[in-house]
Amino acid sequence: MTYENLLITYTNDIALVTFNREKALNALNSKTLEELVHFFKKDAPKNIQLKGVILTGAGNRAFVAGADIKEFLNLNTEITGGGLAKRGQDAFMVIEKFPKPVVAAVNGFALGGGCELAMACHIRIAGETAKFGQPEVNLGIIPGYGGTQRLVQLVGKGKAMELILTADIIDANEAHRLGLANHVVPAGQEVAKATEIIEKIATKSPVAIACSIKSVNSNFEKKVDGYKFEAAAFNESTLSKDFKEGVTAFIEKRKANFVRE
Ligand code: COA
């Protein structure tokens, strides 16, 4: 696929995916969403050496300022509201379930679908100028790309309810205080911090990382017994070459040498 709205570059086996519609504050239109799903489903899994993915926005004003409001004019003619929400939810689920770390480098507005996108990532780094919010009620809609679910998971029901009902936009420090942002860094350092974290994770067992991601995610799957899921994922990790290498390295008092394969 030729990407039009995403700019994808690789450094040291880390993919940097930049939402590249700066004039529209990187708003997520349907083409961008399609490209994002294609990247995570088709391109990224083929790259065995990939350590992880960083998502960021072009320019210094926005990460992603939301779903593309201009496309809402076609709603309920080309696609129903429910269909649109399902499409966004499914796309972000692919990111949440990606077996390697996905880090949002939030370099400006992360509003509506942009905040929901950041929340689907495993870790969020906020630049000091980042702004988070779910302002959908201003438009007569509600968060529909997983926001009513993941915001509750990250900040708790009371604060999630307040943020969604008031449409308040919060700064990076408040997002950090609430647990929405993992770290706050000076503006412009978001990708560097995300890279540092992915490089650290890349020294660990890839099997254990993939098993950890799916096991933590299982906590939020309503029909799944998380403890059972964890036991199965633990079992999977014990059957891996990584387990053998990790334990042998410990006994031999050396650093484990894990291989992505
Ligand atoms: N969808 C489509 N276009 C968007 C957009 C969105 N979510 N957010 C911003 N844009 C576009 C604007 O329409 C404008 O385009 P134009 O120059 O062709 O008119 C351009 O990006 C710049 O935005 P502008 O509103 O002029 O910048 P600002 O600095 O005055 O305000 C925001 C910035 C983020 C506060 C404001 O753009 C905004 O409220 N955006 C919508 C946020 C939102 O509700 N997101 C949830 C959607 S479900």
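One-based numbering, in listed order, for ligands and for the atoms of each. Nothing here was measured: the structure is a model prediction, and the numbers come from that model. Index from 1, following the sequence.
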Option of least heavy-atom distance to atom 2 (C) of ligand 1 (set: Ile141, Asp68, Leu139, Ile169): Asp68
Atom 28 (P) of ligand 1 [closest protein heavy-atom partner, distance rounded to 0.1 Å]: Arg61 NH2, 3.9 Å
Contact between Gln189 and Glu196 at the side-chain level, heavy atoms closer than 4.5 Å - yes or no? no
What is the ring orientation for Phe39 with Tyr10, classed by angle as parallel under 30°, tilted 30 to 60°, or perpendicular over 60°? tilted
Is atom 25 (O) of ligand 1 close to the protein, meaning a heavy atom under 4.0 Å from it? no
Among the heavy atoms of Gln134, does any lie under 4.0 Å from an atom of ligand 1? no
Is the number of heavy atoms from other residues, nucleotides or ligands under 6.0 Å of Asn60 CG greater than 12? no
Who gets closest to atom 41 (C) of ligand 1 by heavy atom: Ile69, Val64, Leu111, Leu28? Ile69
Close N or O approach (Ala65, ligand 1; < 3.5 Å): yes
Short N-O contact, Lys241 and Glu261, less than 4.0 angstrom: yes
If you have a sec, work out which protein heavy atom is nearest atom 7 (N) of ligand 1 and how many Å separate them, to one decimal? Ala67 O, 3.0 Å
Does Ala24 come within less than 4.0 angstrom of ligand 1, counting non-hydrogen atoms of the residue? yes
Are Leu36 and Val106 linked, directly or through other ILVMFWY residues, by side chains that come within less than 4.5 angstrom of each other? yes
When you measure from atom 44 (O) of ligand 1 to every protein heavy atom, which one gives the shortest distance, and what is it? Pro135 CG, 3.6 Å
My understanding is that we take every heavy atom of each candidate and find the minimum distance to atom 18 (O) of ligand 1. Doing that for Glu71, Glu136, Lys70, which one comes out nearest? Lys70
Note the single closest protein heavy atom to atom 37 (O) of ligand 1, along with its residue, its atom name and the distance in Å. Leu25 CD1, 3.7 Å
Note: Arg254-Glu245 ion pair, threshold 4.0 Å (strictly below): yes
Among all protein heavy atoms in this structure, tell me which lies nearest to atom 14 (C) of ligand 1, with the distance rounded to 0.1 Å. Lys23 O, 4.3 Å
Report the nearest protein non-hydrogen atom to atom 46 (C) of ligand 1: residue, atom name, distance rounded to 0.1 Å. Gly112 CA, 3.8 Å
